[in-house]
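This report refers to the structure that appears directly beneath it.
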Amino acid sequence: MKRALITGITGQDGSYLAELLLSKGYKVYGLTRRSSTKITGRIDHILSQVELLNGDLLDQPSLIGAMEDAKPDEVYNLAAQSFVQTSWNQPVLTSEFTAMGVTKVLEAVRKAAPKARFYQASSSEMFGKVQAVPQKEATPFYPRSPYGVAKLYGHWITVNYRESYGMHASSGILFNHESPRRGIEFVTRKISYHVAMIKHGLAHELRLGNLDAQRDWGFAGDYVEAMWLMLQQDNPDDFVVAMNETHTVKEFVELAFERADLDWKKYVKLDERFMRPAEVDLLIGDASKAKRILGWEPKTSFKQLVHMMVDSDVKLVGASV
């Protein structure tokens, strides 16, 4: 039985990855920080099948202890301060978790689980002010937020450990990936949740920033399969994971409101508070390398994703009415 340790197991990606690994017969460990509030909502349905270990990305000894307890064959580092907007308000915290935290996990693997294969969750936000369209593994990076800068550090330190210590360390440069488990602060979930609230008469408007921003959106449940596939390869490498198509925030809004038989123009208000200090205008990923080497392809279309999220939130809100 293979053993895997997931940092960030209580997050969107961590929960889907844990499900995938359990379905493949893994013994799954998850690293969680001590908290006075309940943080396991996304994994409550599989809580009896995973083993949670206490640890913190900022605390090196706890990471080494987790590696010693789990004895993992694979380590997936998904934990981070992952909300771009928050990175402007908390740039130091973001750099500590999202950048330096990667070094601490890599050091823990190197010292306590040196044979383990390592996955780093890199991000399309590293491309930022895009230097080429579409973006692929060789496209120059130009991050436009403290989050993007921190992710770039995490990406390059992973490459550095791979080349310096011969570690099987791979990075997945994932473009935006969403699901019904996405945090409410992210624009896609904010949209689907407000559509549900409006549908049930509990809200009357949705305030958004730049409707023209373009993103390459996919389903998180599809993308975690690419993470797993990377660690099954003989040689470690970096891969863009994306849909290779772009959509505006406005398109997401239109599909979401249409799914609930609502006219979005009656409810959506533009609010400058939700504009980024430095906007990322066009992100679209070329995942041809992942298709060629990993055999990975997304299964869920953009429209199916939007409908899935709206249907889930309409049901969720309806259950509380």
Side-chain angles (χ1 to χ4, degrees), residues 11-13 15-16 41-42 82-86 88 123-125 133-134 145 147 174-224 241-285 298-321:
Q12 169 189 253
D13 293 6
S15 65
Y16 282 112
R42 294 183 181 92
S82 60
F83 188 44
V84 175
Q85 195 70 37
T86 295
W88 293 105
S123 168
S124 60
E125 289 287 334
V133 178
S145 67
Y147 171 77
L174 270 60
F175 279 64
N176 294 63
H177 47 291
E178 319 297 318
S179 76
R181 301 179 193 174
R182 191 55 139 156
I184 201 77
E185 70 274 18
F186 289 86
V187 67
T188 51
R189 182 74 196 287
K190 179 180 178 180
I191 293 167
S192 64
Y193 187 76
H194 274 77
V195 165
M197 293 287 283
I198 292 168
K199 182 69 174 177
H200 287 290
L202 301 176
H204 304 287
E205 68 175 20
L206 166 59
R207 292 187 169 270
L208 294 171
N210 183 9
L211 293 183
D212 296 321
Q214 295 173 285
R215 295 291 185 272
D216 184 327
W217 278 301
F219 174 47
D222 292 342
Y223 284 30
V224 298
V241 180
M243 298 287 286
N244 195 27
E245 60 182 53
T246 189
H247 299 275
T248 62
V249 174
K250 182 181 175 183
E251 285 180 76
F252 198 106
V253 166
E254 290 172 339
L255 275 176
F257 276 86
E258 180 186 279
R259 181 66 171 177
D261 296 317
L262 297 169
D263 180 359
W264 72 272
K265 294 176 183 176
K266 293 181 181 178
Y267 305 101
V268 175
K269 312 292 182 188
L270 297 184
D271 192 328
E272 289 188 359
R273 290 178 303 165
F274 300 113
M275 298 286 189
R276 292 186 183 184
E279 182 58 84
V280 173
D281 296 312
L282 175 58
L283 289 173
I284 176 170
K299 301 179 180 71
T300 309
S301 71
F302 173 69
K303 185 175 183 178
Q304 288 171 327
L305 172 65
V306 177
H307 287 179
M308 177 199 308
M309 293 179 68
V310 171
D311 292 350
S312 175
D313 276 332
V314 167
K315 183 178 178 181
L316 178 70
V317 173
S320 62
V321 174

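Numbering of residues begins at 1 and proceeds along the displayed sequence.
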Please round to the nearest 0.5 Å and tell me the distance separating atom [atom1] of [X] and atom [atom2] of [Y].
X      : Y      : atom1 : atom2 : value
Lys303 : Glu258 : NZ    : CD    : 6.5 Å
Thr246 : Leu282 : OG1   : CG    : 5.0 Å
His204 : Met197 : NE2   : CE    : 9.5 Å
Leu174 : Glu125 : CG    : CD    : 12.5 Å
Met243 : Asp222 : CE    : CG    : 7.5 Å
Leu262 : Glu254 : CG    : CD    : 13.5 Å

Does a side-chain heavy-atom distance below 4.5 Å link [X] with [Y]?
X      : Y      : value
Asp261 : Lys199 : yes
Met309 : Arg189 : yes
Asn176 : Glu178 : yes
Gln214 : Ile284 : no
Ile191 : Leu206 : yes
Asn210 : Val249 : no
Ile198 : Phe257 : yes

Identify the two heavy atoms, one from [X] and one from [Y], that lie closest to each other, and give their separation to 0.1 Å.
X      : Y      : answer
Ser124 : Leu283 : O-CD2, 3.6 Å
Leu270 : Gly209 : CD2-O, 3.4 Å
Ala220 : Ser179 : CB-CB, 4.3 Å

[X] side chain vs [Y] backbone, donor-acceptor pair below 3.5 Å:
X      : Y      : value
Ser320 : Val317 : yes
Gln12  : His177 : yes
Lys190 : Arg207 : yes

With sequence neighbours excluded, what pairs up with His194 under the ring pair (Phe, Tyr, Trp, His ring centres under 6.0 Å) test?
-> none
Which residues satisfy the ring pair (Phe, Tyr, Trp, His ring centres under 6.0 Å) test with Phe252, sequence neighbours excluded?
-> Trp217, Phe302
Can you spot which of Val195, Val310, Val306 makes a side chain to side chain contact (heavy atoms under 4.5 Å, CB included) with Leu255?
-> Val306
Would you call Asp263 and Lys265 a salt bridge, using N to O less than 4.0 angstrom?
-> no
Got a sec, which residues hit salt bridge (Lys or Arg N to Asp or Glu O under 4.0 Å) with Asp311, two or more places apart in sequence or on another chain?
-> Arg259
Results of salt bridge (Lys or Arg N to Asp or Glu O under 4.0 Å) for Asp216 - residues two or more places apart only | none
Could I get the full list of side chain to side chain donor-acceptor pair (under 3.5 Å) partners for Ser15, not counting sequence neighbours?
-> Arg181
Side chain to side chain contact (heavy atoms under 4.5 Å, CB included) with Met308: which residues, sequence neighbours excluded?
-> Pro180, Phe219, Thr300
